[in-house]
Structure formats: structure tokens, C-alpha cells
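Please read the structure below before turning to the comments.
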Amino acid sequence: MTGAGDALLSGKGINKRFGGVQALSDVTFTINHGEIYGLIGPNGAGKTSLFNVLTGIYTQDSGEFAFGGAPLAGLKPHEVAGRGIARTFQNIRLFANLSALENVMIGRHVRTRAGVWGAISRNARTRAEEKAIEKRSYELLDYVGIAPRANDLARHLAYGDQRRLEIARALATDPKLLALDEPAAGMNATETTSLKRLFDDIRHDGTTILLIEHDMKLVMSVCDRVLVLDYGKKIAEGPAAAVQKDPAVIAAYLGGEVTLQRAQA
């Protein structure tokens, strides 16, 4: 399945500097509705910096993002989530001493309407909303395949299940764009294959995916298009099959012809 051809997210001339380090340099890209868009590059290429700028953790020095035709400027992370962009992190960030279900419910609260007074008074509307949140959260745990662990503390879940829990919590915000930062890191081959099926389901159900991933075989098998960064600069963007043959990409990231052949296998 390819993108619908109309832009969901665009970044134009994105620059970000940390002291003497130019983390992002004039990065321009477009993500279309309904596609899985890969973001790759060697360590230190600026991938996570781009995620952090996009999601309001950092502020770009210059350049602009547009999401659904509206600018994303000066928004805080929760405001970006409210607009419809959800993310996971390279290093798992769960509430370790809360249950899997409670972790997802926290993500769902970005869509609540009760407000402070409702939370204090615990009126009928608030109680009904809480029940709806719990129901939807359990559905999302089932969607990612870990519903049997709903009442287990997050810290007791297997590593792969913790990754899936992060995705469920992000999906709880009803995102239009799901940004995943190395979700397959540390997974074995069986877990990665299962994760690939989950990506297909998420995209099929209408959510666009932005994916940072070092597993090149996974990237090339699921992504419609790929953006490649090196030292904070864009060196390639296009269909995955074309990008993996680009000499600049091979030199900068794939490590030569042998690695490229493995990615194609």
C-alpha cells in the first residue's frame, strides 16, 4: 500500500544546533497520508533530534513543520499529541510500577473532556468517561497482542511486550501520525516478524507511521518511502527500493555492498 499522495506532514528547512554541533541542517521532507515512512541513518545522523523537534521536546532554530495543512510552531509535547502526533522512545519510557492497562489509560487521557472539576467531583459523566477509557485501553492491549498481561506491572513484562505496550499507549491518543523510535531494537526474529504484522494492521486501520529503525531488512520490507540523514543532512529520500541502491546511502549507512545484499534478502 502506498501513500494517498497528499501530504500529512511536511518539514521545510529544519535546522537545529546544540552548541557547536549542527544536529539538523536544512532538512526538508514530506510524509503522505497512509504510508509507512522510514527515517534511517548512522548513529549521530540526527534521526532522534528530528523526532524531538517534531514532537515539541526541542524547538528548531529555523524551518517549519506543517501537519494536516496547519503549522506546528512552538507547541509543547502534549499539544503536539493533541494535534494527532504520538510517539514512542528509543529508550522505553513506561510507568514501571503501574499495570499495563493503567499505562495505556494514561495515554488515553489526552482525549478526555472531564476537566479538573470532573476529576474532583467524580460525577456521573466523569465515571462514564473513565469506564470508556478503561474499555478502549483494554481493546488496544488486545490489538497489540498483550491483553492477557493487562494487570501485570509494566516492569514485569518481557522486553518485547514492553515495546508493544508503548505502541498501545501511543495509539491511545488516537494519532493520525504514529512516530516510532527503534521499536524493533532488542527483538529477536520472531518478535520482529510479529511487529511487522502490527505495523501493517496500524496502517491498514488508517494511521500513518513514521519509523526510525536500524533493522534494514524490516525497513525495506515495510516502508513505502525512506528519508536518509547523515551528519544532520538529508542525503536521500524516495521509495525504499531506490534508496537502498543509492551509492551515497550505501557509503554513509549500509556499510557497503555486503550489508546492502543482506537487506535485500
Side-chain angles (χ1 to χ4, degrees), residues 1-12 14 16 24 27-41 46-60 63-90 93 104 106-111 136 140 143-144 163-184 195-196 198-213 218-219 222-229 234 237-240:
M1 179 178 177
T2 58
D6 53 331
L8 174 64
L9 172 71
S10 61
K12 183 177 180 180
I14 305 300
K16 181 63 183 178
L24 298 169
V27 177
T28 296
F29 65 98
T30 300
I31 301 175
N32 295 323
H33 284 275
E35 70 179 342
I36 300 179
Y37 186 91
L39 175 57
I40 66 173
K47 304 182 298 297
T48 297
S49 293
L50 184 59
F51 259 41
N52 288 340
V53 169
L54 170 63
T55 55
I57 294 176
Y58 302 149
T59 300
Q60 66 265 33
E64 57 188 24
F65 291 104
F67 183 65
L72 289 175
L75 299 182
K76 296 179 180 179
H78 72 277
E79 294 171 324
V80 173
R83 290 282 187 92
I85 300 176
R87 69 167 295 180
T88 64
F89 291 84
Q90 182 177 353
R93 298 188 183 184
V104 181
I106 288 171
R108 188 65 184 166
H109 275 85
V110 74
R111 299 299 178 198
R136 178 57 179 157
L140 287 168
Y143 185 80
V144 303
R163 287 286 184 189
R164 287 176 173 272
L165 177 55
E166 272 206 318
I167 293 173
R169 186 175 63 184
L171 289 172
T173 68
D174 288 340
K176 298 181 180 73
L177 177 69
L178 178 63
L180 303 174
D181 194 347
E182 296 193 32
L195 190 65
K196 177 183 174 181
L198 178 59
F199 293 164
D200 288 338
D201 289 342
I202 291 170
R203 189 252 295 273
H204 182 268
D205 290 335
T207 301
T208 303
I209 297 176
L210 169 58
L211 175 67
I212 292 179
E213 186 52 61
L218 176 62
V219 169
V222 302
C223 292
D224 301 300
R225 294 188 303 126
V226 177
L227 169 66
V228 189
L229 298 181
K234 171 182 170 179
E237 182 185 24

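Between Leu178 and Leu171 the shortest side-chain heavy-atom distance falls below 4.5 Å. You'll find the side chain of Ile209 stays beyond 4.5 Å of the side chain of Val222, heavy atoms only. At least one side-chain heavy atom of Asp224 sits less than 4.5 Å from a side-chain heavy atom of Arg203.
For Arg87, the salt bridge (Lys or Arg N to Asp or Glu O under 4.0 Å) test picks out Asp181, with sequence neighbours left out. For Thr59, there are no side-chain contact (heavy atoms from CB on, under 4.5 Å) partners at least two apart in sequence or on another chain. In terms of the ring pair (Phe, Tyr, Trp, His ring centres under 6.0 Å) criterion, Phe65 has no residue partners (sequence neighbours excluded). Remark: Lys16 engages Phe18, Leu24, Val53, Tyr58, Asp61 in a side-chain contact (heavy atoms from CB on, under 4.5 Å) (not counting sequence neighbours). Under the salt bridge (Lys or Arg N to Asp or Glu O under 4.0 Å) criterion, Arg163 pairs with no residue at all, not counting sequence neighbours. Tyr143 pairs by the side-chain hydrogen bond (donor to acceptor under 3.5 Å, both in side chains) definition with Asp205, not counting sequence neighbours.
Asn52 CG to Gln60 CD: the interatomic distance, rounded to the nearest 0.5 Å, is 12.0 Å. Put simply, OG on Ser10 and CG on Asn32 are 10.0 Å apart, with the number rounded to the nearest 0.5 Å. Atom CG of Leu211 and atom NZ of Lys47 lie 11.5 Å apart (nearest 0.5 Å). Here the CD atom belonging to Gln90 is positioned 4.0 Å from the CD atom belonging to Glu182, to the nearest 0.5 angstrom. Taking CG of Leu195 as the start and CG of Asp200 as the end, the distance is 10.0 Å to the nearest 0.5 Å. Interatomic distance, CG of Leu8 versus CD1 of Ile31, reported as 7.5 Å (0.5 Å rounding).
Looking at Arg225 and Glu237, a side-chain N of the basic residue comes within less than 4.0 Å of a carboxylate O on the acidic one, giving a salt bridge.
At least one donor-acceptor pair closer than 3.5 Å links the side chain of Thr208 to the backbone N or O of Gly34. A donor-acceptor contact shorter than 3.5 Å links the side chain of Glu213 to the backbone of Ala184.
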- Task: Given side-chain contact (heavy atoms from CB on, under 4.5 Å), test Leu227 with Leu50 step by step and report yes or no.
- Result: CA-CA 11 Å; Leu227 169 66; Leu50 184 59; 4.2 Å; yes
- Message: Quick one, Phe199 with Leu180, criterion side-chain contact (heavy atoms from CB on, under 4.5 Å). Give me CA distance, side-chain angles, the key distance, then yes/no.
- Response: CA-CA 10 Å; Phe199 293 164; Leu180 303 174; 3.4 Å; yes
- Query: Stepwise, does the side-chain contact (heavy atoms from CB on, under 4.5 Å) test hold for Thr55 with Ile85?
  - Reply: CA-CA 7 Å; Thr55 55; Ile85 300 176; 4.2 Å; yes
- Item | Stepwise side-chain contact (heavy atoms from CB on, under 4.5 Å) check, Leu9 with Tyr37 | CA-CA 11 Å; Leu9 172 71; Tyr37 186 91; over 6 Å; no
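Among all heavy-atom pairs drawn from Leu72 and Arg83, the shortest one is CD2-NH1, 3.6 Å. Taking each heavy atom of Thr88 and Ala170 in turn, the nearest pair found is CG2-CB, 4.3 Å. Across every non-hydrogen atom of Arg164 and Leu198, the tightest pair is NH1-CD2, 3.8 Å. Between Pro183 and Ile212, the closest heavy-atom pair is CD-O, 3.5 Å. When every heavy atom of Ala86 is checked against every heavy atom of Thr173, the shortest pair comes out as CB-OG1, 3.3 Å. Taking both residues in full, the closest heavy atoms of Phe67 and Gly84 are given as CZ-O, 3.7 Å, listed atom of the first, atom of the second, then distance.
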